[in-house]
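Reading through the structure tokens given below for one structure.
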Amino acid sequence: MTTVPTKAKSTAARKVGRTAVPRPKRPVKAGRLFTPWLLVVPALIWLVVFSLWPSINTVFLSFTDARPLSSDAAFIGTENFRTLLADPQVWTALLNSVIYMAICLPVLTVVPLLLAVLVEKKLPGITFFRTAFYTPVIASAVVVGLIWSWMLDDRGAINGMAESLGFVSESIPFLTDRWLLLISAISLTIWKGLGYYMIIYLAALGNIGKELHEAAALDGAGAARRLWSVTMPGVRGTMILVGILVCVSALRVFSELFILTNGTGGPGGEDNSLVMLIQQYARGFSGNLGYASALSLLLFLVTLVPMLVLARLNRKGAR
Amino acid sequence: MSTGEKVLRYVLLVIVLLITVGPFLWQLSTSLKGPGEDIYTATPTFIPSEPTLQNYFSVADAIPVWRYIGNSLLVAAVDVIGNILFATLAGFALARLRWRGRALVMGLFIATLVLPGESTIISQFLTIKSLGLADTLLGVALPGMISTLNVLLMYNAFRQIPDEIDQAAVVDGANAWQRLRYVCLPAVYGTIAVVAIFAFIGAWDDFLWPLIVLQSPDKLTLTVGLQYLKGTFSTDQRLIAAGTMIAFVPIALFFGALQRYFFRGVEEGGVKG
């Protein structure tokens with residue numbers, strides 16, 4: 001069709017299309033119209049009550065001085081946002097997030113792919129390895145945090161090993177130094193995330209035809225060459241998706257930092273993340289829900305950036 | 001595959017195994033060590049020389065661990081059942097039924113995926129509070145009872161059922177419920193297992209949300225209760241280790257029991273979202 005059809009025309013066209021294929025006439029039962037809604041309504045209510053409304057309400061709240069223990073909140077305009085922009089804690093948290101992303105993004109986009117290639121081949125016992133590699137994913141971030149606090153402790157396993165091997169004479173302050181603490185939390189996030197992204201890649205690898213690998217092998221391509229020229233292009237879309245997921249989860253990090261710092265945010269609160277700040281303002285008598293909401297809005301805007309990048313890359317890919 | 005490649009693959013597999021599972025085994029070993037053993041030596045031994053279960057009993061003296069397990073199980077059960085039931089129904093309606101408003105509802109579900117849960121947590125807390133559910137386990141469980149991601153996973157699984165099979169049931173006069181029960185449901189068991197696993201992990205492992213909702217010490221879930229171990233017993237690593245193992249073992253068993261369905265579900269393409 002060259003002209004843009006009017007609404008009336010297009011429905012007429014659809015009707016013609018429908019009568020073109022003769023179908024037995026059945027009376028439209030009330031159930032047919034009603035059932036889909038009946039099925040979808042519980043999920044829809046949840047969506048509205050626990051997703052849609054809270055996100056709209058967050059915007060309202062961010063312009064108020066709502067407190068955890070009092071019910072009335074006064075409209076205070078953009079004060080929360082002005083405070084936020086002048087708050088050095090916020091800038092530190094954002095800096096931490098950027099460092100988090102800069103390290104997590106390359107590592108968690110590439111290493112899980114290599115792991116997926118490693119466990120893809122059906123070898124005896126491979127299910128055991130797949131399951132074992134997934135273990136850190138299913139463990140609670142609290143459990144993982146507690147395990148790693150012990151490993152990274154001044155007298156813990158890693159310092160113990162480093163000392164007995166003679167690498168260091170004094171224990172490394174993994175949990176008390178501002179930068180080492182951040183690096184420790186990042187390592188923990190990476191360790192916990194490997195299995196998750198491996199599984200996503202594993203699903204994607206199944207879609208690459210075996211013939212491509214066989215043809216490349218016949219042409220004399222080695223394993224590394226096939227990884228680069230067959231596997232990587234084959235999972236390009238998944239790599240982009242994983243990269244975005246890694247970025248978003250790096251911005252949302254909370255539990256690892258909370259446990260490693262005992263909830264303090266590290267020396268002088270310098271290892272806080274945005275979510276840790278939100279949590280600190282949400283709890284206790286001195287809490288400030290309005291300010292926490294403004295921080296939430298900032299978190300949303302920041303995570304929107306990688307999402308928009310994904311949308312853009314997807315559109316390019318489709319073209 | 002040549003023998004050389006096989007050996008290389010197994011060597012790599014074992015190295016990754018040590019990295020991923022090693023810390024858990026180390027923690028397990030610490031939790032079994034007796035009070036007379038030096039767990040702080042520079043050259044730590046892996047096998048406990050005085051193996052004991054005493055640390056596990058001592059955890060129960062320090063925090064009401066059985067109660068916390070019960071609380072966590074309750075929250076997890078509500079979320080698993082809710083997600084299996086309602087995500088299946090909604091996913092089916094979106095994927096296999098034709099109705100006015102479907103595109104709009106679908107768009108809403110996809111749009112809310114963009115929202116990071118942490119950014120709505122304050123307002124969510126106020127919603128729970130206005131429902132009178134602050135500091136209750138129901139308040140912890142309620143928001144996770146139906147998750148958008150699970151609805152979309154089920155939608156994806158239902159959509160992959162070939163149209164002909166479904167159409168045959170329509171011609172035979174099956175209504176929507178019968179098509180769901182007898183035709184479509186058996187084809188998506190793998191994805192339902194994935195949904196169950198995700199819901200259980202999400203509820204059992206969650207930390208931030210129960211931390212914000214709960215105040216009373218006797219209502220805490222296991223993850224929130226555990227962090228008190230570190231505060232109270234920072235001097236005895238054996239107890240903390242036993243506590244983490246108590247939180248870790250149930251979920252490891254749950255996953256171990258369902259892992260076959262999980263990996264099958266992954267291969268069905270359920271996880272790609």
Side-chain angles (χ1 to χ4, degrees), chain A residues 31 33 35-36 39-40 42-44 46-47 49-55 57-58 61 115 118 123 129-133 135-136 138-143 146-147 150-151 155 157 160 163-164 199-200 202-203 206 248 252 254-255 259 262 275 278-279 282-283 289 292-293 296 299-300 303 307, chain B residues 9 12-13 16-17 20-21 23-24 26-27 40 42-44 86-87 89-90 92-94 97 99 105 108-109 112 114-116 118-120 122-125 127 143 145-146 148 151 175-176 201 205 207-208 212 223 226-227 230 237 240 244 247-248 251-252 255 259 263 266-267 269 271-272:
Chain A
L33 295 170
T35 311
L39 297 176
V40 91
L44 207 55
W46 248 250
L47 179 97
V49 174
F50 294 114
S51 256
L52 221 52
W53 165 245
S55 52
N57 195 29
T58 302
L61 280 170
L115 286 184
L118 185 64
L123 289 166
F129 286 105
R130 284 181 187 181
T131 315
F133 295 178
T135 330
I138 60 162
S140 163
V142 174
V143 166
L146 288 173
I147 291 180
W150 167 222
M151 307 253 309
R155 299 175 297 171
E163 271 171 63
S164 66
I199 292 292
I200 297 183
L202 200 57
V248 173
R252 294 166 56 180
F254 169 73
S255 306
I259 300 292
N262 274 328
V275 182
I278 293 173
Q279 183 267 343
R283 268 175 77 90
L289 296 182
S293 299
S296 305
L299 175 70
F300 171 68
T303 50
M307 296 281 193
Chain B
R9 271 178 179 269
L12 289 173
L13 284 169
V16 180
L17 183 73
T20 48
V21 181
F24 291 105
W26 178 249
Q27 192 81 341
Y40 297 113
T43 45
F86 296 116
L89 296 182
F92 175 75
L94 288 168
L97 302 177
W99 41 288
V105 173
L108 274 178
F109 276 109
T112 51
V114 182
L115 297 168
E118 290 83 357
S119 73
T120 53
I122 301 296
S123 171
Q124 239 176 33
F125 172 61
T127 305
M145 215 175 126
I146 305 176
T148 306
V151 172
N175 65 26
I201 293 178
D205 287 352
F207 180 55
L208 177 60
I212 285 179
T223 47
L226 265 187
Q227 48 143 353
K230 199 180 173 191
Q237 183 56 39
I240 303 173
T244 57
F248 172 66
I251 201 161
F255 183 71
Q259 52 89 6
F263 287 107
V266 168
E267 274 159 24
V271 174
K272 275 177 288 178

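Proteins get letters first, then strands, A, B, ... in listed order; numbering begins at 1 in each.
Looking at B:Val16, the atoms closer than 4.5 Å to chain A (heavy atoms on both sides) sit in the backbone and in the side chain alike. With a 4.5 Å cut-off on non-hydrogen atoms, B:Thr223 touches chain A through its backbone and its side chain both. No part of A:Val248 comes within reach of chain B, as not one of its non-hydrogen atoms sits under 4.5 angstrom from that chain. Only the side chain of A:Phe254 comes within contact range of chain B, judged by heavy atoms closer than 4.5 Å. Heavy atoms closer than 4.5 Å to chain A are found in both the backbone and the side chain of B:Gln124. With a 4.5 Å cut-off on non-hydrogen atoms, B:Leu94 touches chain A through its side chain but not through its backbone. Only the side chain of A:Phe129 comes within contact range of chain B, with heavy atoms under 4.5 Å apart. Contact annotation for A:Val40: both backbone and side-chain heavy atoms come within less than 4.5 Å of a heavy atom of chain B. Heavy atoms of A:Ile138 lying under 4.5 Å from chain B belong to its backbone as well as its side chain. Both the backbone and the side chain of B:Glu118 come within contact range of chain A, judged by heavy atoms closer than 4.5 Å.
The closest side-chain heavy-atom distance from A:Val143 to B:Leu226 is below 4.5 Å. B:Ile146 is listed as a side-chain neighbour of A:Pro42, based on a closest heavy-atom distance under 4.5 Å.
How far OG1 of A:Thr58 is from CD1 of B:Ile122: 8.0 Å, rounded to the nearest 0.5 Å. Going from atom CG of A:Leu146 over to atom CD of B:Gln227 covers 8.5 Å, rounded to the nearest 0.5 Å. One finds the CD1 atom of B:Ile240 at 9.0 Å from the CH2 atom of A:Trp150 (value rounded to the nearest 0.5 Å). From A:Leu52, atom CG reaches atom CG of B:Leu115 across 7.5 Å, with rounding to the nearest 0.5 Å. Remark: A:Trp53 CH2 to B:Thr120 OG1 distance equals 13.0 Å, nearest 0.5 Å. Of the inter-residue distances, the one linking B:Thr244 atom OG1 with A:Ile147 atom CD1 reads 5.0 Å to the nearest 0.5 angstrom.
Annotation for A:Ala43 and B:Ala90: closest pair CB-CB, 3.8 Å, computed over non-hydrogen atoms. Smallest separation of non-hydrogen atoms from A:Leu118 and B:Arg9: O-NH1, 3.0 Å.
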task = Assess whether side chain to side chain contact (heavy atoms under 4.5 Å, CB included) is satisfied between A:Leu44 and B:Val105, documenting all intermediate values.
result = CA-CA 8 Å; A:Leu44 207 55; B:Val105 173; 3.8 Å; yes
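Comparing B:Leu208, B:Thr148, B:Leu12 by how many heavy-atom pairs each has under 4.5 Å with chain A, the most go to B:Leu208. In terms of non-hydrogen atom pairs under 4.5 Å with chain A, the most contact-rich of B:Phe248, B:Phe255, B:Phe86 is B:Phe255. Contact count versus chain A (heavy atoms, under 4.5 Å) is highest, among B:Phe125, B:Phe92, B:Phe109, for B:Phe109. Counting heavy-atom pairs closer than 4.5 Å to chain A, the top-ranked of the candidates B:Pro116, B:Ala247, B:Ala176 is B:Pro116. Listed options A:Thr303, A:Thr131, A:Ile259 were ranked by heavy-atom pairs under 4.5 angstrom with chain B; first place goes to A:Thr131. Between chain B and the residues A:Arg252, A:Met307, A:Met151, the most heavy-atom pairs under 4.5 angstrom are made by A:Arg252.
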